[in-house]
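See below for the structure under consideration.
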Amino acid sequence: MAWVLIMEDETQVRVLAEEILKEAGHHTLTAANVAEALALVRAYELINVLFADIRLEENGPNGLELAREALTIHPKLKVLYTTGGDVTDGMKALFVEGSTFLPKPYTPAQLVTAVGAMAQGSQ
């Protein structure tokens, strides 16, 4: 079981991911943008997995920047990135060390498996 922070700007995707992870026994917190996510990272020391969308609809900070900032607050945090768009080599170079990528669309089983693997690595 993990404490998972889901940072996803698409409401339906965020709610679905939360439901899937809760059904699998994980604790979840959700954020629609980087500012909300960072506030939660600062407030909850129990978070051990960050599930972050790389590309957000609004311009500004994204999941790549969030992960780097979150790791300065919680260095042992595990990061699972996602996006429905293309991921360039330049973007991959910005992934934090030890992170994993789960492309959209993903199945509930894929999400649960990926988060479970990240949670195991954080213990």
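Heads up: numbering here begins at 1 and tracks the sequence. When reading the values below, keep in mind they use all heavy atoms of this one structure, side chains included, and skip hydrogens, waters and symmetry mates.
- For the atom pair CD of E65 and CG of L38, the computed distance is 10.5 Å after rounding to the nearest 0.5 Å.
- Listed by first and then second residue, the ring pair (Phe, Tyr, Trp, His ring centres under 6.0 Å) pairs involving residues 8-50 are W3-H27 (not counting sequence neighbours).
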Checking side-chain contact (heavy atoms from CB on, under 4.5 Å) for the pair R14/T11: CA distance, chi angles, key distance, verdict?
CA-CA 5 Å; R14 185 175 60 249; T11 303; 3.4 Å; yes
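- Between the side chain of H74 and the backbone N or O of N48 there is no donor-acceptor pair closer than 3.5 Å.
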Set out, in order, the CA-CA distance, both residues' side-chain angles and the distance that settles side-chain contact (heavy atoms from CB on, under 4.5 Å) for L80 and V115, then state yes or no.
CA-CA 7 Å; L80 175 61; V115 167; 3.9 Å; yes
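- For the pair N33 and D9, the minimum side-chain heavy-atom distance is 4.5 Å or more.
- Residues M7 and E36 are not in side-chain contact: their nearest non-hydrogen atoms beyond the backbone lie 4.5 Å or more apart.
- For R68, there are no salt bridge (charged side-chain N to carboxylate O under 4.0 Å, His left out) partners, not counting sequence neighbours.
- In plain terms, the two heavy atoms of A114 and L102 that are nearest each other are CB-CD2, 4.4 Å.
- Under the side-chain hydrogen bond (donor to acceptor under 3.5 Å, both in side chains) criterion, no residue pair touches residues 85-98, with sequence neighbours excluded.
- Sorted by first and then second residue, the side-chain hydrogen bond (donor to acceptor under 3.5 Å, both in side chains) pairs involving residues 100-110 (not counting sequence neighbours) are E8-K104, D53-K104, T107-Q110.
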L50 and L66: side-chain contact (heavy atoms from CB on, under 4.5 Å), yes or no, with the steps?
CA-CA 9 Å; L50 171 62; L66 167 62; 3.9 Å; yes
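- Annotation: side chain to side chain donor-acceptor pair (under 3.5 Å) contacts of T83 (sequence neighbours excluded): none.
- When hydrophobic clusters are built by joining Ile, Leu, Val, Met, Phe, Trp and Tyr residues whose side-chain heavy atoms come closer than 4.5 Å, directly or via intermediates, I73 is grouped together with Y81.
- The shortest side-chain heavy-atom distance between V41 and L5 falls under the 4.5 Å cut-off.
- The shortest non-hydrogen separation linking L40 to A31 is CD1-CB, 4.2 Å.
- L77 contributes atom CG, which lies 8.5 Å from atom CE of M118 (distance to the nearest 0.5 angstrom).
- For E19, there are no salt bridge (charged side-chain N to carboxylate O under 4.0 Å, His left out) partners, not counting sequence neighbours.
- In this structure, the separation between CG on L64 and CZ on R55 is 9.5 Å, given to the nearest 0.5 Å.
- The shortest heavy-atom contact between A2 and V49 is CB-CG2, 4.2 Å.
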Yes or no on side-chain contact (heavy atoms from CB on, under 4.5 Å) for L29 and V4, after CA distance, side-chain angles and deciding distance?
CA-CA 6 Å; L29 298 166; V4 183; over 6 Å; no
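- With hydrogens and angles ignored, the 3.5 Å screen pairs no side-chain donor or acceptor of S99 with any backbone N or O of F95.
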How far apart are the C-alpha atoms of E45 and K76, what are their side-chain angles, what is the distance that settles it, and do they pass the salt bridge (Lys or Arg N to Asp or Glu O under 4.0 Å) test?
CA-CA 11 Å; E45 292 181 23; K76 293 183 179 180; over 6 Å; no
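- E18 and T28 are linked by a side-chain donor-acceptor pair at a separation below 3.5 angstrom, with hydrogens and angles left out of the test.
- Here the straight-line distance linking atom OG1 of T30 with atom CG of L21 works out to 11.5 Å at 0.5 Å rounding.
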